[in-house]
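Notes follow once the structure below has been shown.
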Amino acid sequence: MQKTIINKLSTHDELNFFERFTKSSVWPAYVGCLLAFIYAVFVRFYQAAGGMIGMPGKMKDPTMIYMGSYFAGVAIMFCGFALIALTKPWSRIVQLQVPLIGGRKIHPLIVLTPTLVGTAFLIAHGVSGMITRALLLAGIITLDFPGFVEVNVRELALWEFFFYEPWFVLLGIMAGLTAAHYAQASGIRQSTFRRGTILILIMVFLLTALFVASIIFDFTDKLSF
């Protein structure tokens, strides 16, 4: 018994700050859900209803924009509630009521793969957007906004730099912290957890570089919600 306690204490001492923090913290999931709810309701659903605050221009196809905003809002709200689900035991083990597979452990990669890909996309999207908008505001580059017939470029860039893009970064960070908690709660080995963390950071860096290049040189459509 004493040996078991010593081993547990020894293992705990080997965890770094990030691992200790994510292992015990579930609040990032709730913060992420709140961020998703606020953005979905007060930005996407508002714009779907024809709201123009934060959209300083005349759009080419308002109906299409409204529909896109509505579906994006629904998807964002789903993602927010999904973060809370990752903190619950039933996200790791199939419920007993499910025929044939009830009680079986869910392989962590089934949940972690889409969550981490989404995390990398959100952070890279936000960081690349802030970089390019800063360059635009500084007069270093010029950008086209093909969805508008007329647009106040500076005002739109300010909205994106101070509001839209930081939201992507914050939600991405909350999703990443929630994924880290889920990974440790699922019993993933420490070495695997650390390698995975490094891989995700590399993915974020590469995606950010790709998005910045795509926006500046306009060789692919910019993905956005």
Testing the basics here: between [X] and [Y], what is the closest heavy-atom pair and its distance to 0.1 Å?
X	Y	value
Gly54	Tyr164	O-OH, 3.1 Å
Ala157	Leu136	CB-CD2, 3.7 Å
Ala29	Thr87	CB-CG2, 3.5 Å
Phe193	Ala180	CE1-O, 3.5 Å
Gln47	Ile53	NE2-O, 4.4 Å

Nearest 0.5 angstrom please: Leu143 CG to Leu137 CG, how far?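 One gets 9.5 Å once the value is rounded to the nearest 0.5 Å.
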
Let me confirm one number: the CZ-CG distance from Phe211 to Leu206, rounded to the nearest 0.5 Å.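 It comes to 11.0 Å.
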
Can a donor-acceptor pair be found, under 3.5 Å and without considering hydrogens, that links the side chain of Trp167 to the backbone of Leu35?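 Pair found, side chain donor or acceptor close to backbone of Leu35.
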
What residue pairs, at least two apart or across chains, pass salt bridge (charged side-chain N to carboxylate O under 4.0 Å, His left out) with a residue in residues 189-215?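 Non-adjacent pairs meeting salt bridge (charged side-chain N to carboxylate O under 4.0 Å, His left out): Glu19-Arg194.
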
Side-chain donor/acceptor pairs under 3.5 Å, residues 107-123, sequence neighbours excluded:
| from | atom 1 | to | atom 2 | distance (Å) |
| --- | --- | --- | --- | --- |
| His107 | ND1 | Leu109 | N | 3.1 |
| Thr113 | OG1 | Leu109 | O | 2.7 |
| Thr115 | OG1 | Val111 | O | 2.8 |
| Thr119 | OG1 | Thr115 | O | 2.8 |
| Thr119 | OG1 | Gly176 | N | 3.4 |

With sequence neighbours excluded, residues passing side-chain contact (heavy atoms from CB on, under 4.5 Å) with Pro56: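 Partners of Pro56 under the side-chain contact (heavy atoms from CB on, under 4.5 Å) test: Asn152, Glu155, Leu156.
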
Sequence neighbours excluded - side chain to side chain donor-acceptor pair (under 3.5 Å) pairs with any residue from residues 48-70: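 Sorted result for residues 48-70: empty, none.
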
Mind jotting down which residue pairs meet the side chain to side chain donor-acceptor pair (under 3.5 Å) criterion with at least one end in residues 178-188? Sequence neighbours excluded, please.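 Side chain to side chain donor-acceptor pair (under 3.5 Å) check on residues 178-188 returns Thr22-Gln184.
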
Counting only heavy atoms not in Phe45, do more than 12 fall under 6.0 Å of its CZ?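 Yes.
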
Return the set of residues passing ring pair (Phe, Tyr, Trp, His ring centres under 6.0 Å) with Phe18 (not counting sequence neighbours), or none when no residue passes.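 Ring pair (Phe, Tyr, Trp, His ring centres under 6.0 Å) list for Phe18, sorted by chain: empty.
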
Can you find a heavy atom in the side chain of Ile215 that is under 4.5 Å from one in the side chain of Ile131?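 They are not in contact (no side-chain heavy atoms under 4.5 Å apart), so the answer is no.
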
